[in-house]
Amino acid sequence: MPILNSDVAKIFEEIADLLEINDENPFRIRAYRSAARTIRNFKFQFHTLIGQGQFPKLPGIGQDLEEKVREIIATGRCLLLEALRRNFPPHFNDLLAIPGLGPKRVQRLNHALGISSIKQLREAAIAGKVRDIPGFGPKTEQSILSAIAVQAVHSGGFIRQTVMPQATALASYLSESTHIDRIAIAGSCRRLKDVVGDIDLLATGSDSGELMERFLSYGDVKVVLMRGPIRGSVILGSGIQVDLRFVPPESYGAALHYFTGSKPHNIALRQIALAQKMKLNEYGLFKDGKRIAGDTEISVYQALGLPFIPPELREDRGEIAAARAGALPNLIAYNDLRGDLHVHTHYPDGKNTIIEMASTAALLGLEYIAITDHPEQRVGVNGFRRNDLIRQFSDIEAARKLHPEITILKGIETKILEDGSLDVPDSLLRELDIVVAAVDGNFDLSRASQTQRLLRALCNPHVNILAHPSSRLLPDRPPCEVDMLAVMRSAKERGIALELNSQPDRLDLDDLHCKMAHEEKVLIAIDSSARNSAELGYLRLGIDQARRGWIESCDVINTQRIEKIRSWLAQPKLPQSSPSHLVGHCGSQAERP
DNA sequence: GCCGTTTTCGGCCCGACTGTTTTCAGTCG
């Protein structure tokens, strides 16, 4: 089993945790954390590059960390980590994940009570033993118990789509405060992350007192975590934390930037300011003690010599270098989409007909949709019947007559079986305008087997789109282990699009894989896989995700007019045996009854 | 541990808030 970048990153993160508990140089700790992030975001696998005699030059990875990466890739072990682990009980660093517990308190808990796990901490807190440790008290003990309870329920984070109604309702409520000029949703919600940990709100105006009172007395507040004159923090009934911060109007832009994050992006920008003998904080950009920018975000970037960087790109994934080089992507916009190539009908929970789906899509401004139901939707448990497909064809013909303003393509969503073959015979697939293939079941195959499975499916000459490629389900089902770079390169060679599925619990491809697709110039299809007409609106979430992944309009097949779509679908596929790296994947597809 | 418009050593982002103190350490974002 090769050691993956994610394995190396995990080791570096654990080293950082243990160094932190050891009270080591904070900058050394930051170096490990920064390297872990860089390695996790890096698109090529180190084990492959090192196997080819290469080692990439990456920021924050110098001689020492390069040697450690090589050691981990070669041996699967890291001597430094093993030495650190000998000083602590197993999983000791898990305690750092409890809000309110940092390295000092974790050490004290261990020295005073021998606590080395969250379970032990909970038991000690319930028994009232934690409050007697110097530096702790009854309030800290209670907040530890609350934090453990919240963490147990929401450790996976919250799907942004479910959080935004709460955020906008609270922002709207706060905006009624008489001394408030502006209120904004910042943080990871503004960066359009698929899963968020909390809600960050920023307000500006003439007086913060009434705002804070209003905030803390909001009907849905369950717990008040913190209440200062300009900053407050609460937990809502849903379990999500909300942080509110007030700044004076002239600092609005700098504060919006600061509270939008991400933290690594902010740190990088502050370093740029320092290099120019300036200081950047949430109140503004200062030179010689004088504010020179900060009323708007644009003013901050401009004063630092950079163009405006959209919030969804602010992850310290190369956006600052791209901004400096004038090479920021021209991000796709919602109105760029012309169609949806993965739409369902007649679902038990949706019950919308082809006509209803088509009319809603037309109202949304779409020029085409593809009806791509699962075979079993039409036939139940008795296997695929050709007559059902014929019946749907005639339904589509009827809908076409009723809604000539929108093109309706005949399609199917076929399952990719464990061996990479499809659950619908080629003889039927060839009668369709478009074929969407998707993994369904057997999510826990080995990385090699899962990759082979997808590569073989891509060899089917009728497949046009690989749907929700990682099969993750937010927030809890992890993505399948798969070599996505190999899948993308194969898809590109064969003219197949990878789907960015817009369902809020999928958003699959994720942002990093979107960026990879953009860099690899692989076609993307942003689809809703709507199960009823309302879900066609999820396309907006797909666009959000695409923007986080640097996707431009030209990367996306369904920004094209229907004529282009038809010619893309009609393109002959490469002969099955021609791409050298696919030999062995592309056997003849057996016909199934 | 990294890195260079402070360049091979010395600096590395920075302010708010809490709880437990008795002036501030620890933590968070």
Side-chain angles (χ1 to χ4, degrees), chain A residues 12 15-16 19-21 23-38 57-69 80 95-109 130-144 147 186-191 196-202 208 212 224-234 241-248 251 254-286 300 304-305 316 324:
Chain A
F12 280 7
I15 289 174
L19 289 174
E20 195 164 24
I21 298 172
D23 201 22
E24 300 264 351
N25 176 356
F27 301 105
R28 187 182 176 207
I29 297 163
R30 187 190 295 170
Y32 277 97
R33 292 207 195 284
S34 157
R37 196 179 64 248
T38 301
K57 180 77 195 107
L58 294 175
I61 299 180
Q63 187 182 348
D64 184 90
L65 290 182
E66 176 179 333
E67 282 171 14
K68 289 202 169 58
V69 172
L80 171 62
L95 288 168
L96 288 177
I98 306 291
L101 288 191
K104 302 287 189 297
R105 284 181 169 165
V106 164
Q107 275 282 27
R108 268 188 223 167
L109 284 167
V130 171
R131 64 181 66 189
D132 298 329
I133 304 172
F136 291 75
K139 283 193 171 180
T140 306
E141 185 178 78
Q142 186 52 50
S143 73
I144 285 173
S188 48
C189 288
R190 183 163 181 247
R191 301 202 312 278
V196 301
D198 63 4
I199 297 170
D200 292 293
L201 297 177
L202 173 70
S208 67
M212 283 297 157
V224 175
L225 296 172
M226 184 193 293
R227 51 194 310 167
I230 59 170
R231 187 173 159 185
S233 197
V234 301
Q241 181 172 330
V242 185
D243 298 325
L244 171 65
R245 179 69 188 267
F246 177 90
V247 294
S251 297
L256 183 59
H257 180 267
Y258 177 75
F259 290 104
T260 295
S262 67
K263 189 172 176 179
H265 176 89
N266 286 353
I267 290 177
L269 226 58
R270 286 178 173 197
Q271 284 169 337
I272 290 173
L274 272 183
Q276 299 179 44
K277 296 192 189 305
M278 294 189 264
K279 185 173 86 165
L280 177 61
N281 59 28
E282 60 264 53
Y283 296 111
L285 181 65
F286 299 86
V300 174
L304 291 172
D316 195 23
R324 274 185 164 148

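Chain letters run A, B, ... following the sequence lines, proteins first, then strands; residues in each count from 1. The basis for the numbers below is simple: all heavy atoms, side chains too, and nothing from hydrogens, waters or symmetry mates.
dC13(B) sits 22 Å from dC17(B) when the P atoms are compared, rounded to a whole Å. Taking atom P in both dG10(B) and dT18(B), one finds a spacing of 40 Å when rounded to whole Å. Separating the P atom of dC12(B) from that of dT23(B) is a span of 29 Å, rounded to the nearest Å. Of the C1' atoms belonging to dG26(B) and dT20(B), the separation is 11 Å, rounded to the nearest Å. The same atom, P, is picked in dG19(B) and in dT8(B); the two are 47 Å apart, to the nearest Å. Comparing the P positions of dA16(B) and dT21(B) gives a spacing of 25 Å, expressed to the nearest Å.
Not counting sequence neighbours, Arg108(A) has no partner by the salt bridge (Lys or Arg N to Asp or Glu O under 4.0 Å) test. Considering only residues two or more places apart in sequence or on other chains, Tyr258(A) meets the ring pair (Phe, Tyr, Trp, His ring centres under 6.0 Å) condition with none of them. Evaluation of the side chain to side chain donor-acceptor pair (under 3.5 Å) rule for Ser233(A) yields Gln241(A), Asp243(A) as partners, not counting sequence neighbours. Not counting sequence neighbours, Lys139(A) has no partner by the side chain to side chain donor-acceptor pair (under 3.5 Å) test.
Taking 4.0 angstrom as the limit, Lys139(A) places a side-chain polar atom (N or O) nearer than this to OP1 or OP2 of dG19(B). One finds no side-chain N or O of Arg131(A) lying less than 4.0 angstrom from the OP1 or OP2 phosphate oxygen of dT20(B). The phosphate of dC28(B) has neither OP1 nor OP2 within less than 4.0 Å of any side-chain N or O from Gln241(A).
Rounded to the nearest 0.5 angstrom, Asp200(A) CG and Arg191(A) CZ are separated by 8.5 Å. Of the inter-residue distances, the one linking Leu65(A) atom CG with Ile15(A) atom CD1 reads 8.5 Å to the nearest 0.5 angstrom. Rounded to the nearest 0.5 Å, atoms CG (Leu244(A)) and CD1 (Ile230(A)) are 10.5 Å apart. We find the CD1-OG1 distance between Ile61(A) and Thr38(A) to be 5.5 Å, quoted to the nearest 0.5 Å.
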Do nucleotides 9-17 of chain B as a string where each nucleotide becomes B, S or -: B if the base has a protein heavy atom under 4.0 Å, S if just the sugar-phosphate does, - if no protein is that close. ---BBBBBS
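Atom pair Leu109(A):CG and dG26(B):C1' shows a separation of 13 Å (rounding to whole Å applied). Between the P atom of dG26(B) and the CG atom of Leu101(A) lies a distance of 13 Å, rounded to the nearest Å. For the pair Ile144(A) CD1 and dG19(B) P, the interatomic distance rounds to 12 Å; values are reported in whole Å. As a whole-Å value, the separation of Arg33(A) CZ from dC28(B) P is 11 Å. When rounded to the nearest whole Å, the span between CZ of Phe136(A) and P of dA25(B) equals 16 Å.
The aromatic rings of Phe12(A) and Tyr32(A) sit perpendicular to each other, their planes meeting at more than 60°, with 30° as the lower class boundary.
Remark on DNA chain B: of its neighbouring residues Ala275(A) and Leu96(A), the 5'-side contact belongs to Ala275(A), judged by nearest-heavy-atom nucleotide. Each of Asp243(A) and Lys68(A) lies near DNA chain B, and the nucleotide nearest Lys68(A) is the one positioned closer to the 5' end.
Using a 4.0 Å heavy-atom cutoff across all strands shown, Ile98(A) reaches sugar-phosphate atoms only and no base atom. Among the protein residues, Arg108(A) comes within range of the sugar-phosphate backbone only, with heavy atoms under 4.0 Å from sugar or phosphate atoms but none that close to a base.
When each of dT27(B), dG29(B), dG19(B) is scored by its nearest atom to the side-chain atoms of Thr140(A), the top-ranked nucleotide is dG19(B). Taking only side-chain atoms of Pro138(A), from C-beta outward, the nucleotide of dT20(B), dG1(B), dT27(B) with the closest atom is dT20(B).
Listed here is the closest heavy atom pair of Glu24(A) and Ile29(A): O-CD1, 3.6 Å.
Here Asp23(A) pairs with Lys104(A) in a salt bridge; the nearest charged N to carboxylate O distance falls below 4.0 Å.
Base pairing analysis places dA25(B) opposite dT18(B); the two distances defining the Watson-Crick or G-U wobble pair are each below 3.5 Å.
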Please enumerate all protein N or O atoms sitting under 3.5 Å from an N or O of nucleotides 2-4 of chain B, with distances to 0.1 Å.
| from | atom 1 | to | atom 2 | distance (Å) |
| --- | --- | --- | --- | --- |
| dC2(B) | OP1 | Gly62(A) | N | 2.7 |
| dC2(B) | OP1 | Gly62(A) | O | 3.4 |
| dC2(B) | OP1 | Leu65(A) | N | 3.1 |
| dC3(B) | OP1 | Gly60(A) | N | 2.7 |

